[in-house]
Amino acid sequence: MEKKRDSALGMDRNITRRDFLNGCAVTIGASLTTASSTWVKLLAAAETAPEKDPNYYPPAKTGMRGSHDGSWEVAHGLRDGETWPDPVADQESYDLLVVGGGISGLASAYFFRKFAGSRSKILILDNHDDFGGHAKRNEFQTSQRLLIGYGGTQSLEAPHHYSKEAFGLLQELGIDVDRFHKYFDQKLYKGMGLKRATFFDKETFGIDRLLPGFGTHYLGLTYPPEVLAQIPISDAARKDLERLQETKVDYLPGLSTGEKRRKLIKTSYKDYLLQYVKVHPDVIKIFQTAPHGLYAVGIDAVSAWDCFEMDYPGFAGMKLEGREDSPEQAEPYIFHFPDGNASVARLLVRSLVPGSVPGTTMEDVVTSRVNYGRLDDSEVAVRIRLNSTAVHAQHVGDPHDAKQVEVTYVRGGKAHKVRAAHCVLACYNMVIPYLCPEMPEKQKEALSYCVKLPLVYTNVQIRNWESFQKLGVSQIYSPGGYFNGATLDFPVSIGDYHFPSKPEEPCLLHLLRTPCKPGLPAKEQYRAGRYELMTTPFEVFERNIRDQLGRMLAGGGFDSARDVQGITVNRWPHGYAYEYNPLFEPLDRPDSERPCVIGRQAFGRIHIANSDADGHAYTNIAIDQGYRAVREITAG
Ligand SMILES: Cc1cc2nc3c(=O)[nH]c(=O)nc-3n(C[C@H](O)[C@H](O)[C@H](O)COP(=O)(O)OP(=O)(O)OC[C@H]3O[C@@H](n4cnc5c(N)ncnc54)[C@H](O)[C@@H]3O)c2cc1C
């Protein structure tokens with residue numbers, strides 16, 4: 001029975017073998033034999049320098065990506081007490097060594113060259129097979145064309161609000177953000193009458209039903225009356241939902257505006273709805289996962305105040321003050337390269353390592369093919385060494401007057417050590433206490449406070465998007481689904497890259513999953529979600545993708561077995577930086593007492609960057625923290 005169902009979903013198609021290949025670069029339709037032999041060759045080359053292999057091109061890998069197998073094992077070994085005695089000493093030494101090749105690490109290298117001189121010798125280590133960290137590029141080669149997607153960091157959010165350093169960096173890299181007004185086709189989907197929709201699944205709501213005409217995210221959560229009438233919930237729940245949306249009631253009478261604010265900050269939206277608005281419990285099912293994309297947890301762990309700020313219903317009669325238009329609302333959400341902010345990472349690498357990323361403009365970087373063999377070249381001042389996990393960073397001598405830092409890293413199963421005058425740790429905060437056990441206890445404790453948010457960005461290549469057109473939808477919110485929803489790719493054409501703007505063309509769908517565990521405190525949800533992610537095989541994702549897409553789009557004629565042509569699951573067990581959650585944190589904590597501020601203090605010649613260092617999961621923060629870390633070194 002199960003086998004029959006799998007076959008109907010297309011689980012027996014070639015693509016399923018990607019679980020087995022797990023990240024091997026294959027094209028749809030390529031024979032398993034060809035794919036396997038490529039993989040075997042890459043594995044064989046891994047002992048030396050896989051990046052020098054002309055076939056080495058991580059963006060084209062499909063299957064399980066993000067924190068792919070091979071990237072995390074050494075760090076987990078370090079956590080579990082593994083040691084790497086007798087590392088071999090590298091011959092080269094550097095002015096700066098950066099641990100972490102994400103945007104923060106790359107920006108650190110960029111700023112260091114700017115302030116310490118363009119001849120500075122820099123080594124960047126990263127444990128992944130590609131640079132960029134969360135800024136990850138996914139490519140799909142269809143029989144007709146190349147499709148480019150983002151596997152992590154999606155867009156530049158409100159770039160005109162960036163610090164002058166972060167905005168200046170974008171400009172120096174050649175990014176003119178205003179050009180996105182031309183490159184992002186804001187009228188495409190609207191012009192075709194495509195709307196947002198909600199998919200009510202039978203496991204949660206008793207019946208599968210897709211209802212167009214509803215917004216999620218922070219752009220409003222209100223159902224128009226004709227949609228409200230069809231939502232598969234009891235009449236009592238429907239009446240409460242209507243009341244929640246339409247009536248203007250002060251649910252906290254007698255409290256001043258300030259008291260209301262404090263109350264709402266310390267009350268989850270779920271509790272607010274149940275205890276103050278007194279809605280039927282079935283209403284909760286509709287809103288539970290609405291904030292997943294931003295918070296990676298549901299409304300049980302997001303404050304009512306945050307939901308008020310995101311324009312969720314239930315506050316119209318509360319006479320609240322203090323909501324400012326968020327910068328995201330003030331600026332349209334259009335600052336998007338087809339590979340997300342991977343283009344920013346690629347532009348940084350172009351600037352740091354001459355000859356690695358051909359071209360000269362923000363347009364040509366989109367279709368440019370990176371020469372990975374060039375990244376770690378002894379002839380070039382800046383070297384990026386992929387597939388290399390740092391396991392130890394310590395001063396050569398007393399941290400107070402040492403002249404060098406020595407970093408041990410593991411690459412291809414072997415330990416190496418390398419020295420530099422300065423070190424920037426642009427990796428995750430919680431790794432640092434393991435890397436640097438000699439740091440003060442208070443600082444290590446503060447660094448360990450950060451629990452990154454796990455989430456999954458999945459790209460699905462589909463044969464065409466006619467089913468979306470037929471259904472009149474471009475984005476589907478699925479409150480009870482395995483995936484929180486599915487969205488047609490952003491319609492961006494830039495340089496030689498043209499978005500597949502005709503529904504008969506193949507395109508990419510973006511699916512979000514956040515594996516949280518409602519009911520637990522937020523950090524516990526993140527830890528449990530991370531465990532789930534690391535123990536979920538690709539096959540489970542694939543089956544859920546096929547099942548959910550098939551059911552959501554059935555009315556448009558979508559057939560998963562026929563229409564799903566490629567899948568890349570970017571799992572990020574250590575995703576967004578931990579942002580303090582007022583439900584579980586002390587209010588009004590002075591800035592100097594925030595754990596990220598205590599944790600990011602310079603320790604001798606070791607400096608700390610990464611978006612964790614400011615507790616905000618944004619690209620501009622990653623850049624700002626790289627800038628701060630480098631100024632600690634170069635401004636004195
Ligand atoms: C799915 C997702 C979507 C996002 N979307 C957006 C968005 O749309 N806009 C936005 O502004 N921000 C977004 N963010 C936030 C994102 O975190 C930042 O934008 C930014 O990319 C973070 O860069 P970083 O360099 O600080 O960290 P990272 O990108 O995490 O880079 C750190 C690197 O260090 C590596 N590392 C860790 N330990 C070691 C070690 N011991 N040795 C070697 N290397 C190590 C890591 O593996 C990683 O590659 C998103 C984040 C995620 C996860």
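Just so you know, ligand 1 is whichever comes first in the structure, and atom 1 is the first atom listed for that ligand. In this text, all values refer to a predicted model and were calculated from it rather than measured experimentally.
Here H510 and F490 keep their ring centres 6.0 angstrom or further from each other.
The pair D376-R383 counts as a salt bridge, with a side-chain nitrogen and a carboxylate oxygen less than 4.0 angstrom apart.
Within a 6.0 Å radius of OH in Y434, no more than 12 heavy atoms belonging to other residues, nucleotides or ligands are found.
Scanning for salt bridge (Lys or Arg N to Asp or Glu O under 4.0 Å) contacts around R527 gives E524, with sequence neighbours left out.
In this pair, F337 and F180 present their aromatic rings perpendicular. The plane angle is above 60°, beyond the 30 to 60° band.
At distances below 3.5 Å, at least one donor-acceptor pair connects side-chain atoms of N610 with backbone N or O atoms of C427.
The residues lining ligand 1, counting any heavy atom closer than 4.0 Å, are V99, G100, G102, I103, S104, L125, D126, N127, H128, G132, G133, H134, G152, T153, Q154, S155, Y333, S388, T389, A390, A426, C427, Y428, V431, Y457, W572, G575, Y576, N610, S611, A617, Y618, T619, A622.
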